[in-house]
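Letters go in sequence order (proteins before strands), and every chain restarts at 1.
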Amino acid sequence: MLAFIGKRLLQLVPTLFFVSVIIFGLQQLLPGDPALAMAGEEQDPEVLEQIRRQYRLDQPFHIQYVYWIGGVLTGDLGESLRLKEPVLTLILQKFPVTLQLALMAIVISLAIGVTAGVISAVKKNTAVDYAVNLIALWGISTPNFWLGIMLIFLFAVHLGWLPASGYVGPFEDFWLSLQTTILPAFVLGNSFAAVLMRHTRSAMLQAMGSDYVRTARAKGLAERTVVLKHAMRNALTPVVTLGALELGTLLSGAVLTEQVFSIPGFGKLIVDSVFNRDYLVVQGVTLVTATTYILLNLFADICYVLINPRLRS
Amino acid sequence: MKMLRVAGLAAAVLLIVSAARAETTLRIGLAEDPDVLDPTLARTYVGRIVFAALCDKLFDIDENVNIVPQLALSHETSADGKTVTIKLRPGVKFHDGEPMDAEAVKASLERHMTMQGSFRKPELAAVDKVEVVDASTVRLLLKNPFSPLIAQLADRAGMILSPKAAKEAGDKFGLKPVCAGPFKFVERVQQDRIVVEKFPQYWDAANVHIDRVVFRPIVESTVRLANLKSGSLDLIERALATDLKEIRADPKLKVAAQIEIGYQGLTLNLANGEAGKNGPFGKDPRVRQALEAAIDRKALSDVVFNGEVLPGNQWVSPKSPFFQEKFPVPGRDVAKAKKLLAEAGVPTPIAVDFMVPNNPESRQVAEVIQAMAKEAGFDMKIRVTEFATSLKEMEQGRFQAFFVGWSGRVDPDGNSYIFHKCNAPQNNGNYCDKQVDQWLDDARKVTKTEERKAIYGKIAEKYLKEGSIIYLYHRLVIIAHSAKLEGYQQMPDGLIRLTGVKLKP
């Protein structure tokens with residue numbers, strides 16, 4: 001087992017190296033000039049030249065890369081051009097926000113998606129099944145930013161129950177934190193809940209038709225036990241995989257939702273940084289999220305091996 | 001009965017105490033996240049809004065764009081225009097308790113002039129030396145007469161920083177700015193909030209009635225307005241002209257609007273790069289005049305902005321004392337446009353690569369212009385481009401027409417010099433005329449408004465016929481706020497000034 005984990009961890013090194021090259025390379029393909037974007041209206045050639053020199057933007061691509069990767073290896077992700085703040089500080093500031101939002105969204109989507117999936121499978125081809133399918137289709141096809149704005153109008157402007165946007169950390173004020181994150185988490189969870197529901201439904205249908213379920217029923221077990229204990233447990237394996245992957249995606253920031261609800265997470269940081277050509281921030285955040293994604297995948301693989309001994313060979 | 005009375009009294013005392021302690025917090029919605037909060041290194045418009053609360057300047061402007069003293073009391077320019085003596089307000093303190101005196105002014109101005117990456121350097125380029133005369137007097141020695149100097153000192157170049165804090169923090173000063181404004185810095189969470197609180201030792205503290213201000217960047221204008229309507233914010237900046245009707249209809253909201261000091265226009269490429277040299281506008285000024293004649297500014301304002309912008313044809317708005325009345329905003333004349341094109345001998349349709357920033361308002365303006373210009377014989381091919389990319393495209397001359405605006409400066413020089421002078425940094429259409437250059441320099445040497453206006457009149461006569469910018473309109477600076485906010489007054493520069501403002505509970 002240890003050898004397996006060690007091998008996988010070693011594989012991380014070349015993967016992350018390629019990721020870093022790709023992130024750096026793609027950035028260079030972006031049209032526009034960071035110094036010009038930073039200067040905005042204040043385009044004095046002498047000042048622009050000074051900024052290019054200061055941030056080594058006048059150096060060739062590979063030299064800039066060496067400087068950057070050298071810094072990264074010593075834990076220095078550089079400094080934001082726009083805010084003059086270390087990239088690492090920004091990332092540490094945003095990560096808890098994104099993590100909270102991602103976890104809440106996953107919980108919401110699991111609660112809605114799995115329940116709806118199971119119900120729709122059990123009530124196959126009935127009115128309930130059709131209704132749940134219809135809602136799922138609506139969930140998948142509703143754009144996040146539209147749903148977000150509609151929810152703001154309903155719950156903040158008309159009903160006045162929740163704040164329209166913004167963010168408060170859970171340690172600052174737990175209830176207020178829940179109030180500020182529940183709508184964006186629902187918007188994020190909503191579309192994924194629909195995907196989960198479809199997967200749960202088909203996995204459940206397959207499980208419900210299998211021999212062991214027939215045996216369980218033949219043993220005279222209550223239908224409730226058959227569905228929840230026998231069929232659902234087996235049907236959930238692919239759903240959990242899907243959930244883990246989605247969590248990885250959510251951790252890289254929910255660009256549109258964060259923008260609409262003004263949640264200061266990774267998504268908003270990346271968007272602002274791309275528009276301002278704040279390269280070091282984009283590189284830093286992308287590198288961190290890519291690493292998290294890879295580590296989450298590794299974690300999922302390790303879990304499989306632990307759960308299913310057949311994979312160990 | 002006695003018990004009741006005691007209880008009543010206690011409740012009343014409690015109420016009074018809590019009322020006395022009730023802090024007023026003003027929550028402001030910004031349209032963008034400001035950049036670094038260092039007056040020397042900052043360059044965004046939205047950053048200036050936060051500075052208006054944090055950092056006082058030597059001078060400020062009033063509602064008619066007249067320059068009024070702030071940290072300065074008065075100024076005097078020598079007869080040759082090369083020495084400016086500024087008297088400072090006595091007894092002013094920085095947020096860290098340090099005195100705001102002549103030494104501090106000298107240190108700040110020198111920081112603006114010399115620090116690496118300073119965006120104030122070009123604004124103070126005319127200043128040769130700053131001298132301390134006495135504790136409350138500084139003398140600025142200029143390389144040459146420069147009449148826009150005082151206007152420059154009414155913006156970021158005139159912001160005075162605590163020398164002690166500036167020295168200690170270096171280029172990290174923006175993370176915890178220490179100035180002499182009505183509010184002092186408390187905290188900033190990037191992209192979430194900037195919090196400032198009342199500075200009790202402020203020189204005009206009696207007029208500051210707000211205890212705390214929270215600035216929150218909310219990019220989406222619909223969401224910004226929703227926050228105001230739901231009561232999560234008390235004031236929002238840059239409300240959309242198209243939302244004005246809705247805001248005015250809401251009894252809980254009020255609007256404060258002013259015509260901007262900047263402008264929106266079409267930059268035409270006369271000779272910048274291949275696209276300019278081979279394009280239609282550099283060959284004959286009549287092609288430019290034809291395009292202008294084809295545009296109906298009034299219709300543009302009505303169609304896109306419900307009539308809530310001011311049509312204009314010069315780099316200052318018709319409300320400015322520097323507006324040249326002898327060149328009024330022209331109406332549309334398609335026959336004239338066609339005639340001009342025929343005289344110029346250019347075959348139609350004239351294809352134009354028309355670069356437009358990617359936002360709904362700009363796209364709509366571009367489409368209206370496209371439709372109008374088509375009737376005169378122009379084929380404006382709209383190329384929607386993300387803003388940072390468009391800046392690079394503009395610098396390198398990869399456009400023939402570009403819809404772009406300028407936030408404006410207090411002095412007309414700021415809207416003119418860097419756009420009209422040969423090879424100037426913002427002259428992206430590459431217009432060049434030695435005579436105009438001479439007039440631009442002349443306008444900097446005289447200080448009287450009438451004299452300067454006469455010189456700008458000569459520039460307008462030439463530039464409006466053959467220059468590289470067609471000025472279209474001036475936007476309204478629209479601030480929407482809760483009706484609970486009293487005494488709010490909007491200045492044309494769009495900044496939010498909070499002295500004299502009260503927030504009712």
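Within 6.0 Å of the CZ atom in A:Phe61, the count of heavy atoms belonging to other residues, nucleotides or ligands exceeds 12. Summarising the local packing, CZ of B:Phe387 is surrounded by 12 or fewer heavy atoms from other residues, nucleotides or ligands at distances under 6.0 Å. In the displayed structure, B:Lys252 atom NZ is contacted under 6.0 Å by at most 12 heavy atoms of other residues, nucleotides or ligands. Around NZ of B:Lys176, the count of heavy atoms belonging to other residues, nucleotides or ligands within 6.0 Å does not exceed 12.
Annotation: maximal heavy-atom pairing with chain B below 4.5 Å, among A:Leu159, A:Asn276, A:Val157, occurs at A:Val157. Looking only at heavy-atom pairs under 4.5 Å with chain B, the residue among A:Pro163, A:Gly148, A:Ser165 that has the most is A:Ser165. Among B:Glu220, B:Lys172, B:Glu123, B:Lys229, the residue with the largest count of heavy-atom pairs under 4.5 Å with chain A is B:Lys172.
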Test side chain to side chain contact (heavy atoms under 4.5 Å, CB included) on A:Phe145 and B:Val223 and set out the steps. CA-CA 11 Å; A:Phe145 64 91; B:Val223 179; over 6 Å; no
Any chance you could lay out the salt bridge (charged side-chain N to carboxylate O under 4.0 Å, His left out) test for A:Arg82 and B:Glu32, step after step, and finish with the verdict? CA-CA 13 Å; A:Arg82 192 170 75 89; B:Glu32 294 143 30; over 6 Å; no
Show the numbers, then the answer: is there a side chain to side chain contact (heavy atoms under 4.5 Å, CB included) between A:Gln93 and B:Gln191? CA-CA 11 Å; A:Gln93 225 175 45; B:Gln191 293 159 322; over 6 Å; no
Is there a side chain to side chain donor-acceptor pair (under 3.5 Å) between B:Thr389 and A:Arg277 once you walk through the steps? CA-CA 10 Å; B:Thr389 310; A:Arg277 302 293 187 271; 3.0 Å; yes
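Using a 4.5 Å cut-off between heavy atoms, A:Phe275 touches chain B through backbone and side chain atoms alike. Contacts between A:Glu49 and chain B at a heavy-atom distance below 4.5 Å are absent for every atom of the residue. In this structure, chain A has no heavy atom under 4.5 Å from any part of B:Gln396. Looking at B:Arg27, neither its backbone nor its side chain comes within 4.5 Å of chain A, counting heavy atoms on both sides. Only the side chain of B:Leu41 has a heavy atom closer than 4.5 Å to any heavy atom of chain A.
To the nearest 0.5 Å, atom CG of residue A:Leu269 and atom CG of residue B:Asp192 are 12.5 Å apart. In this structure, CG in B:Leu225 is found 11.5 Å from CD1 in A:Ile152, a value given to the nearest 0.5 Å. Rounded to the nearest 0.5 Å, atoms CG (B:Asp38) and NZ (A:Lys84) are 8.5 Å apart.
Under the rule for a side chain to side chain contact (heavy atoms under 4.5 Å, CB included), the partners of B:Pro217 that lie at least two apart in sequence or sit in another chain are B:Asp33.
Taking each heavy atom of B:Leu175 and A:Leu83 in turn, the nearest pair found is CD2-O, 3.9 Å. Between B:Ser118 and A:Gln50, the closest heavy-atom pair is N-OE1, 4.2 Å. Pairing each heavy atom of B:Ser230 with each of A:Ala164, the nearest pair is OG-CB, 3.8 Å. For the pair B:Arg193 and A:Tyr167, the tightest heavy-atom approach, listed with the atom from each and the gap, is NH1-O, 4.1 Å.
Proximity of a side-chain donor or acceptor of B:Gln190 to a complementary backbone N or O of A:Leu90 within less than 3.5 Å is not detected.
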